[in-house]
S.K.: 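The structure under discussion is supplied below as structure tokens; questions concerning it will follow.
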Protein chains: 2
Amino acid sequence: MDSLDYKIISSLVDNGRSTWSELASNLQMSAPAIADRVRRLEEQGIIKGYSALLDSETLGYGMTAFISISIDRMEHRALFLAKVAELAEVQECHHAAGEDDYLLKVRCRGTKDLDRIISEELRQLPGVFKTRTTIILSTVKETHNIPLTESD
Amino acid sequence: MDSLDYKIISSLVDNGRSTWSELASNLQMSAPAIADRVRRLEEQGIIKGYSALLDSETLGYGMTAFISISIDRMEHRALFLAKVAELAEVQECHHAAGEDDYLLKVRCRGTKDLDRIISEELRQLPGVFKTRTTIILSTVKETHNIPLTESD
DNA sequence: GTTATCACCTAATTTAAATAGTTTATTTTA
DNA sequence: TAAAATAAACTATTTAAATTAGGTGATAAC
């Protein structure tokens, strides 16, 4: 990981479909050299993959909510995690320190959809004894960038 | 937006660098037809762009935290939002309904780094009178997929 | 001091993207 | 209802990029 790798990564975060030729001319290198470096970054697992970024609002998923969940017993966790994996509306599930056990980020069509996820999917699960939902009114910033200035 | 568009989108979410030729042969179409459809999806804003997905742990950003923030006066918001935009560690900033005003997702190197962001960056801002930090112990699920089965 | 190794290069080949022109089906309009 | 327009696909061609192969120079290992 040198500064050239950081520049390549940064370019690919900004434009995941950029061609090697394009990167090569921006960074004053040959295309095969870029291809080599990218292949290495992929093999090292630094670059996990590439993805199209979608506009959830345009696709009808205009509501975002965070749901904190408490689970009473260890043995209920597996079922909960299976449900979370299954639910396409659950974009993120984090095991949290502090008051609640899990923090979910949910993307859904609206309040009815959110109600269904909470009442019919999550609260039906054994062990789920408490949920706290925070509805998002607007999103000011949303990236998956990582600071790439410091050393590695 | 027909079922073919959904298939194309879904493929490009899974592999953002897939070639038109590849998509074409998977979906029994010609490459120019795929290119046309993708161009339209981009123009409509349904596909916002493409990005490389990075492994934050491997890059040294092994700590994730959510920070709830309360701000006391309207006129302090602009400065807060400017700071949030500036901080590379803040991946998300949502305006939330409920007890606190904003919910931040922060990706940082460790506890020292998190402390700096909270104590030196955020709590220094005028109007920020309350923060509540939830540290993430592990992440079970993390995608930016949107359910693509229902109609649009 | 010789030999490996690494990261790059150029040149050639293979593959994909972009463009242009055509066909077909569907919808609009006379 | 018939004619025209539109939309979305196709094929064939051109242009551009990716891949591969072979070679060079610097650095590290023996």
Side-chain angles (χ1 to χ4, degrees), chain A residues 1-61 144-152, chain B residues 1-61 144-152:
Chain A
M1 283 292 295
D2 58 12
S3 76
L4 209 52
D5 285 324
Y6 276 108
K7 284 175 192 162
I8 291 170
I9 287 172
S10 174
S11 298
L12 287 173
V13 168
D14 290 345
N15 178 14
R17 285 190 72 88
S18 161
T19 64
W20 306 155
S21 311
E22 206 181 322
L23 289 174
S25 76
N26 289 341
L27 301 175
Q28 317 277 7
M29 290 179 77
S30 71
I34 297 286
D36 267 5
R37 277 177 177 263
V38 172
R39 187 184 38 72
R40 262 174 269 150
L41 290 166
E42 288 168 358
E43 282 168 1
Q44 288 176 279
I46 291 169
I47 295 176
K48 288 194 289 185
Y50 305 88
S51 183
L53 306 177
L54 306 182
D55 187 313
S56 29
E57 294 222 14
T58 310
L59 286 162
Y61 284 77
H144 51 274
N145 288 27
I146 287 164
L148 291 174
T149 44
E150 297 172 49
S151 69
D152 197 47
Chain B
M1 283 294 294
D2 58 14
S3 75
L4 209 53
D5 285 325
Y6 276 109
K7 285 175 191 162
I8 291 170
I9 288 171
S10 175
S11 298
L12 286 173
V13 168
D14 290 344
N15 178 12
R17 286 190 72 87
S18 160
T19 64
W20 306 155
S21 312
E22 206 180 324
L23 289 174
S25 77
N26 289 342
L27 302 174
Q28 317 275 9
M29 289 182 75
S30 70
I34 298 287
D36 268 4
R37 276 175 177 264
V38 172
R39 188 184 38 72
R40 263 174 266 151
L41 290 166
E42 288 167 357
E43 282 168 2
Q44 288 175 281
I46 291 169
I47 295 176
K48 289 194 289 186
Y50 304 88
S51 183
L53 306 177
L54 306 181
D55 187 312
S56 29
E57 294 222 13
T58 310
L59 286 162
Y61 284 78
H144 51 274
N145 288 26
I146 287 165
L148 292 173
T149 44
E150 297 172 48
S151 69
D152 198 47

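Only a predicted model underlies this, so the values are computations on that prediction, with no experimental measurement involved. Every chain is numbered from 1, with letters handed out A, B, ... down the list of sequences.
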S.K.: Report the residues that fulfil side-chain hydrogen bond (donor to acceptor under 3.5 Å, both in side chains) with A/Glu22, sequence neighbours left out, ordered by chain and then residue number.
M.R.: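 Expected list: none.
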S.K.: Main chain of B/Gly49, side chain of A/Arg17: is a donor-acceptor contact present, judged purely on distance under 3.5 Å?
M.R.: no
S.K.: Not counting sequence neighbours, which residues clear side-chain contact (heavy atoms from CB on, under 4.5 Å) with B/Ser10? List them please.
M.R.: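 Here the qualifying residues are B/Asp14, B/Leu148.
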S.K.: Using the side-chain contact (heavy atoms from CB on, under 4.5 Å) criterion, which residues pair with A/Ala24? Sequence neighbours excluded.
M.R.: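 Partners of A/Ala24 by the side-chain contact (heavy atoms from CB on, under 4.5 Å) criterion, ordered by chain and then number, come out as A/Ala31, A/Ile34.
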S.K.: Is A/Val13 close to A/Ile146 at the side-chain level, that is, under 4.5 Å between some pair of heavy atoms?
M.R.: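 No; the side chains remain at least 4.5 Å from each other.
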S.K.: Given the rule in the side-chain contact (heavy atoms from CB on, under 4.5 Å) test, do B/Met1 and A/Leu59 qualify, once you have shown the distances and angles that lead to the verdict?
M.R.: CA-CA 9 Å; B/Met1 283 294 294; A/Leu59 286 162; 3.9 Å; yes
S.K.: Using side-chain hydrogen bond (donor to acceptor under 3.5 Å, both in side chains) as the criterion, list what pairs up with B/Arg37, not counting sequence neighbours.
M.R.: B/Asp2, B/Asp5
S.K.: Quick one: side-chain contact (heavy atoms from CB on, under 4.5 Å) partners of B/Asp36, sequence neighbours excluded?
M.R.: B/Arg39, B/Arg40
S.K.: With sequence neighbours excluded, what pairs up with B/Glu42 under the side-chain hydrogen bond (donor to acceptor under 3.5 Å, both in side chains) test?
M.R.: B/Tyr50
S.K.: Let's see if you get this right: which residues in residues 7-24 of chain A place a heavy atom under 4.0 Å from DNA chain D?
M.R.: A/Thr19, A/Trp20, A/Ser21
S.K.: Per the end-axis method with five pairs at each terminus, what is the bend angle of the helix from C/dG1-D/dC30 to C/dA30-D/dT1, to 10°?
M.R.: 30°
S.K.: Does B/Leu53 form a side-chain contact (heavy atoms from CB on, under 4.5 Å) with A/Ile47? I'd like the steps, not just the answer.
M.R.: CA-CA 6 Å; B/Leu53 306 177; A/Ile47 295 176; over 6 Å; no
S.K.: Which residues satisfy the side-chain hydrogen bond (donor to acceptor under 3.5 Å, both in side chains) test with B/Ser51, sequence neighbours excluded?
M.R.: A/His144
S.K.: Below 4.0 Å from chain B heavy atoms, what is the first contacting nucleotide of DNA chain C and what is the last?
M.R.: C/dA16 to C/dT19
S.K.: Among all residues two or more places apart in sequence or in another chain, which pass the side-chain contact (heavy atoms from CB on, under 4.5 Å) test with A/Asp55?
M.R.: A/Glu57, A/Thr58, B/Lys48
S.K.: How does each nucleotide of nucleotides 5-10 of chain D score, in 5' to 3' order, for protein heavy atoms under 4.0 Å: base (B), sugar-phosphate only (S), or none (-)?
M.R.: ---SSS
